[in-house]
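Each remark here refers to the structure printed beneath this line.
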Amino acid sequence: MKSVTVKDLVERFSLEVLAGQSELHRPITKTKAHRPGLEFVGYFDFFPQAHVQLLGRKEITYLHKLSENERNLHIGNIVKYHPPCFVVTRSQEGLKYLKKYCEEERIPLLRTSAPTSKFQDLVDLYLSKSLAEEIAIHGVCVNVSGIGILLRGKSGVGKSETAHTLIRRGHRLVADDIVVLKKISPETLLGTHNGKTKEFLALRSIGLINVSRLYGRKAFQDETRIVLDIELTKWQENALNNDLELEPRFTEYMDIQVPHIEIQLQPGRDVAGLVEAAANNWYLRQQGYRAAEDFMQRLMNNSND
């Protein structure tokens with residue numbers, strides 16, 4: 001099971017450590033932060049104890065209003081489940097009782113100045129990406145006009161060269177050679193690099209280039225949502241399907257189906273232009289427009305005249 005540590009959380013969000021300094025190695029394995037509410041009044045059925053526990057103004061204000069005995073009871077009931085950590089937002093003060101229990105139970109108590117809802121969104125996003133199921137595939141990942149595309153094909157077919165042409169036209173590289181795919185949700189696939197190849201593109205006869213240094217920071221993007229899978233293949237005579245609208249095909253990654261297109265290569269063919277056309281056509285389909293339907297409707301209208 002994938003995990004991050006409380007220390008990773010502290011470093012990522014510059015959190016202040018109020019208690020449990022020696023326990024920052026504790027693992028976090030769940031993606032959503034939890035705000036204990038019902039738990040403070042004694043209801044612990046379905047308590048997500050393995051999640052980061054977030055204490056905002058509402059929770060802390062409630063605890064401040066309790067008597068010492070009530071406060072000790074309610075906090076004591078929660079800390080005995082040993083969640084990975086507590087995070088107090090908005091730089092709230094008066095936390096001696098929390099520090100006491102967290103020190104006794106060896107649970108990190110952290111604090112941030114960020115508003116609760118904003119911090120929860122950031123933590124949830126960070127954890128969902130860090131803990132997501134992932135695989136690595138051979139290919140190139142690009143962002144074309146805001147649309148994430150996987151370019152696949154056999155070694156030497158021209159994936160990196162196509163990506164280079166797209167970059168020169170103002171689009172962005174995400175990853176070359178090794179593309180890391182992360183399943184963020186049952187419908188969302190994120191493409192990114194493995195860290196080592198960040199910003200690098202390998203071109204045959206040229207070698208490695210750093211696209212950010214060569215073409216500016218806008219030439220690179222750290223990650224993108226994958227919505228198209230394009231396979232570059234060698235030209236085959238009489239193999240192209242020239243129907244007005246091709247049958248939809250999909251490639252499956254971690255149970256997520258991604259629309260699949262095959263582009264056959266031939267000297268003089270503008271492959272980068274075809275990739276741009278595929279991206280723009282996908283976008284129009286999301287808006288409800290299909291060129292083949294529009295064309296057939298025109299034919300019908302003309303035949304009725």
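In this chain, numbering begins with 1 at the start of the sequence shown.
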*Have His193 and Asp176 got a donor and an acceptor in their side chains that come within less than 3.5 Å?*
no
*ring-ring contact (aromatic ring centres under 6.0 Å, His included) contacts in which one or both residues fall within residues 118-143, not counting sequence neighbours*: Phe13-Phe119, Phe13-Tyr126
*asked:* Enumerate the ring-ring contact (aromatic ring centres under 6.0 Å, His included) contacts for residues 255-276, please, sequence neighbours excluded, ordered by first and then second residue.
replied: none
Charged N-O contact under 4.0 Å between [X] and [Y]:
X	Y	value
Glu161	Arg204	no
Arg111	Glu93	yes
Arg169	Asp270	yes

When you measure from the side chain of [X] to the backbone of [Y], do you find a donor-acceptor pair of N or O atoms at a distance under 3.5 Å?
X	Y	value
Gln286	Leu284	no
Arg172	Asn143	no
Lys218	Gly170	no

*Can you see which heavy atom on Gly94 is nearest to which on Tyr97, and at what distance?*
O-CE2, 3.2 Å
*State which residues pass ring pair (Phe, Tyr, Trp, His ring centres under 6.0 Å) with His164; sequence neighbours excluded, sorted by chain then number.*
Tyr215
*Mind checking the NZ-NZ spacing from Lys196 to Lys198? Nearest 0.5 Å is all I need.*
15.0 Å
_In this structure, would Val79 and Ile60 fall into the same cluster of hydrophobic residues linked by side-chain contacts under 4.5 Å?_
yes
